[in-house]
Amino acid sequence: MRIATYNINGVRARLETVLGWLELQEPHVALLQEIKCVDEVFPREEIERLGYTIATHGQKSFNGVAILSKLPLEDLVRGLPGDDEDEQARWIEATVMGDRAVRVCNLYLPNGNPAPGPKFDYKLSWLERMQARVQAILASEEPAVFAGDYNVIPEARDVRRPDDWRDDALFRPESRAAFRRLENLGLYDAIRLRTQAPGVYSFWDFQRGSWERDDGIRIDHHLLTPQAADLLRDAWIERDARGGTKPSDHVPVWVELEA
DNA sequence: ATGGTAGCGGGGCTA
């Protein structure tokens, strides 16, 4: 089972980008973030035509996540549990019924800038709420993947110019510590199970010629439960996607599981 | 210090 996470930065503005990518790469499961639309206007038919089952959790203008799957989906959950007041659409999860059942959680973590401030507080509280959800799923001892745009640069080797990011919500010590706490619950960063190399990025800003200068950061991650890590065949970043026609500022990050 | 780009939606916010 090949699973890709992809912050598409507007699924309608980049529909041709998504459709071309799905046709070429044929992910079994695609986890989209920043669809930036409500469920009613998600381009469902166009994607279903390629053989995908679709589950969306959308929102007007901002945020929004979707699961596209060639395999059946069960036990859908929309929204990160733990705060009924939270109206931001940043979480959707389902069980993908492959050779093995895999619990797949698709997340779009708050950016958190400017920091400090209320947006940064929201990011940190969201991370705490995610911890509780991770613990509940870990307790079930099932293969599970927590994938998406974490808006966290885990380490200095994950950013080309660390000094430019010191005060940014994506790289502040509090954000990195919260990411480590997730890992310390017993999750594995799939890319780091495959390579220790620096300079492996998943995002290059649209501004300042970041792509041309390879001024990137790694913020899109797959965290695996031990049972999912047991099934890991490979993990990679589809860097070439950043150079194509009408690219997102993020590129797809992949895992292949024996499932 | 500033502005540089992009999507949504039709001004300013979010990133």
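Chain identifiers are assigned alphabetically (A, B, ...) following the order of the sequence lines, protein sequences preceding nucleic acid strands; residue numbering begins at 1 within each chain.
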Nearest-Å distance for atom pair [atom1]/[atom2], residues [X] and [N]:
| X | N | atom1 | atom2 | result |
| --- | --- | --- | --- | --- |
| A:Ile8 | B:dC8 | CD1 | P | 11 Å |
| A:Phe42 | B:dC8 | CZ | P | 13 Å |
| A:Lys60 | B:dT14 | NZ | C1' | 15 Å |
| A:Ile35 | B:dG9 | CD1 | P | 12 Å |
| A:Leu170 | B:dA15 | CG | C1' | 10 Å |
| A:Asp149 | B:dA15 | CG | C1' | 10 Å |
| A:Glu34 | B:dC13 | CD | P | 18 Å |
| A:Gln59 | B:dC13 | CD | P | 16 Å |

[N] to [M] separation - [atom1] atoms, rounded to the nearest Å:
| N | M | atom1 | result |
| --- | --- | --- | --- |
| B:dG10 | B:dT14 | C1' | 16 Å |
| B:dA15 | B:dG4 | C1' | 14 Å |
| B:dG9 | B:dC13 | C1' | 11 Å |
| B:dA6 | B:dT2 | P | 23 Å |

Side-chain H-bond candidate by donor/acceptor type, [X] with [Y], under 3.5 Å:
| X | Y | value |
| --- | --- | --- |
| A:Thr225 | A:Glu142 | no |
| A:Lys123 | A:Asn113 | no |
| A:Glu256 | A:Trp254 | no |

- line: In short, ring-ring contact (aromatic ring centres under 6.0 Å, His included) pairs touching residues 152-171 of chain A with sequence neighbours left out are none
field: Which residues share a ring pair (Phe, Tyr, Trp, His ring centres under 6.0 Å) with A:Tyr150, sequence neighbours left out
entry: A:Phe179, A:His221
task: Report the residues that fulfil ring pair (Phe, Tyr, Trp, His ring centres under 6.0 Å) with A:Phe203, sequence neighbours left out, ordered by chain and then residue number.
output: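 Per chain and number, A:Phe203 pairs via ring pair (Phe, Tyr, Trp, His ring centres under 6.0 Å) with A:His250.
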- prompt: So what does A:Arg213 touch, heavy atoms closer than 4.0 Å: a base, only the sugar-phosphate, or nothing?
  reply: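 The answer is nothing, as A:Arg213 stays clear of every strand by at least 4.0 Å.
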- prompt: Cationic tip of A:Lys36 within the cone over A:Phe62's six-membered ring, i.e. under 6.0 Å and within 45° of the normal?
  reply: no
task: Given side chain to side chain contact (heavy atoms under 4.5 Å, CB included), test A:Leu109 with A:Arg90 step by step and report yes or no.
output: CA-CA 7 Å; A:Leu109 231 136; A:Arg90 298 180 171 276; 5.8 Å; no
query: If you look only at pairs with a residue in residues 20-31 of chain A, which of them pass as a side chain to side chain donor-acceptor pair (under 3.5 Å), with sequence neighbours excluded?
result: A:Trp21-A:Glu238, A:Gln25-A:Glu238
- request: Map A:Ser61 and A:Phe203 onto DNA chain B by nearest heavy atom, then report which one ends up closer to the 5' terminus.
  value: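 The answer here is A:Ser61.
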task: Check each residue of residues 108-124 of chain A for a non-hydrogen atom within less than 4.0 Å of any atom in DNA chain B, then write out the ones that pass by number, or none.
output: A:Tyr108, A:Asn111, A:Lys119
Which pairs, protein N/O on one side and nucleotides 2-6 of chain B N/O on the other, fall under 3.5 Å?
| from | atom 1 | to | atom 2 | distance (Å) |
| --- | --- | --- | --- | --- |
| B:dG4 | N9 | A:Gln207 | OE1 | 3.3 |
| B:dG4 | N2 | A:Arg208 | NH1 | 2.3 |
| B:dG4 | N3 | A:Gln207 | OE1 | 3.1 |

